[in-house]
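In what follows, a single structure is set out as structure tokens and then discussed.
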Amino acid sequence: MPEDIKILVDNRVKDYETVVIGSGVLEFALSLKGADLLKLLAYTNQGEFTNIQS
């Protein structure tokens, strides 16, 4: 990713068994465990960025 793009990752992504990330190109996506995504994006800004009310 270009350095000027800010990436935010919500910590709650770890609560999902599978996360699918679209590439923006039809039929190309990445599927992985939420916990693995957090590991791969360890260098990003991580925190609670969503407001989920139950």
Side-chain angles (χ1 to χ4, degrees):
M1 295 292 291
E3 289 183 28
D4 60 338
I5 293 179
K6 189 172 191 174
I7 300 172
L8 303 175
V9 180
D10 195 291
N11 289 330
R12 291 185 191 111
V13 76
K14 73 181 177 319
D15 298 334
Y16 292 92
E17 179 64 29
T18 303
V19 178
V20 178
I21 303 167
S23 67
V25 177
L26 194 58
E27 298 183 16
F28 288 91
L30 172 67
S31 175
L32 68 161
K33 293 181 180 182
D36 290 339
L37 178 61
L38 281 180
K39 290 177 192 174
L40 288 172
L41 298 175
Y43 65 91
T44 63
N45 295 307
Q46 296 184 11
E48 292 186 17
F49 301 108
T50 59
N51 183 11
I52 299 174
Q53 298 177 3
S54 36

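Being a predicted model, the structure only gives us computed values, none of them experimental. Only heavy atoms go into these numbers, but all of them, side chains included; no hydrogens, no water, no symmetry mates.
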Once side chain to side chain contact (heavy atoms under 4.5 Å, CB included) is applied, do any residues pair with [X], and if so which ones, sequence neighbours excluded?
| X | result |
| --- | --- |
| Lys6 | Leu8, Asn45 |
| Lys14 | Leu38 |
| Leu40 | Leu32 |

* Asked: Restricting to pairs with a member in residues 42-51, which pass salt bridge (Lys or Arg N to Asp or Glu O under 4.0 Å), not counting sequence neighbours?
  ->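 As it turns out, the salt bridge (Lys or Arg N to Asp or Glu O under 4.0 Å) pairs with a partner in residues 42-51, which skip direct neighbours, are Arg12-Glu48.
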* Kindly state each residue pair satisfying salt bridge (Lys or Arg N to Asp or Glu O under 4.0 Å) with at least one member in residues 15-25, sequence neighbours excluded. =>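 As it turns out, there is no salt bridge (Lys or Arg N to Asp or Glu O under 4.0 Å) pair with a partner in residues 15-25 once direct neighbours are skipped.
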* To do: Please check if Phe49 and Leu37 belong to a single hydrophobic cluster, counting links between Ile, Leu, Val, Met, Phe, Trp and Tyr side chain heavy atoms closer than 4.5 Å.
  =>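 Different clusters: Phe49 never reaches Leu37 through Ile, Leu, Val, Met, Phe, Trp or Tyr contacts under 4.5 Å.
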* Asked: If you look at every heavy atom in Gly22 and Ala29, which pair is closest and at what distance?
  ->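 Residues Gly22 and Ala29, closest heavy atoms: CA-CB, 4.3 Å.
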* Ser31 and its side-chain contact (heavy atoms from CB on, under 4.5 Å) partner, picked from Val19, Ile21, Thr18 ->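 It is Thr18; the other options fail the test.
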* Asked: Taking only residues two or more places apart in sequence, or in another chain, which ones meet Asp36 in a side chain to side chain donor-acceptor pair (under 3.5 Å)?
  ->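 For Asp36, no residue satisfies side chain to side chain donor-acceptor pair (under 3.5 Å) once neighbours in sequence are set aside.
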* Please lay out, stage by stage, how Ile7 and Tyr43 fare under the test side chain to side chain contact (heavy atoms under 4.5 Å, CB included). => CA-CA 9 Å; Ile7 300 172; Tyr43 65 91; 3.8 Å; yes
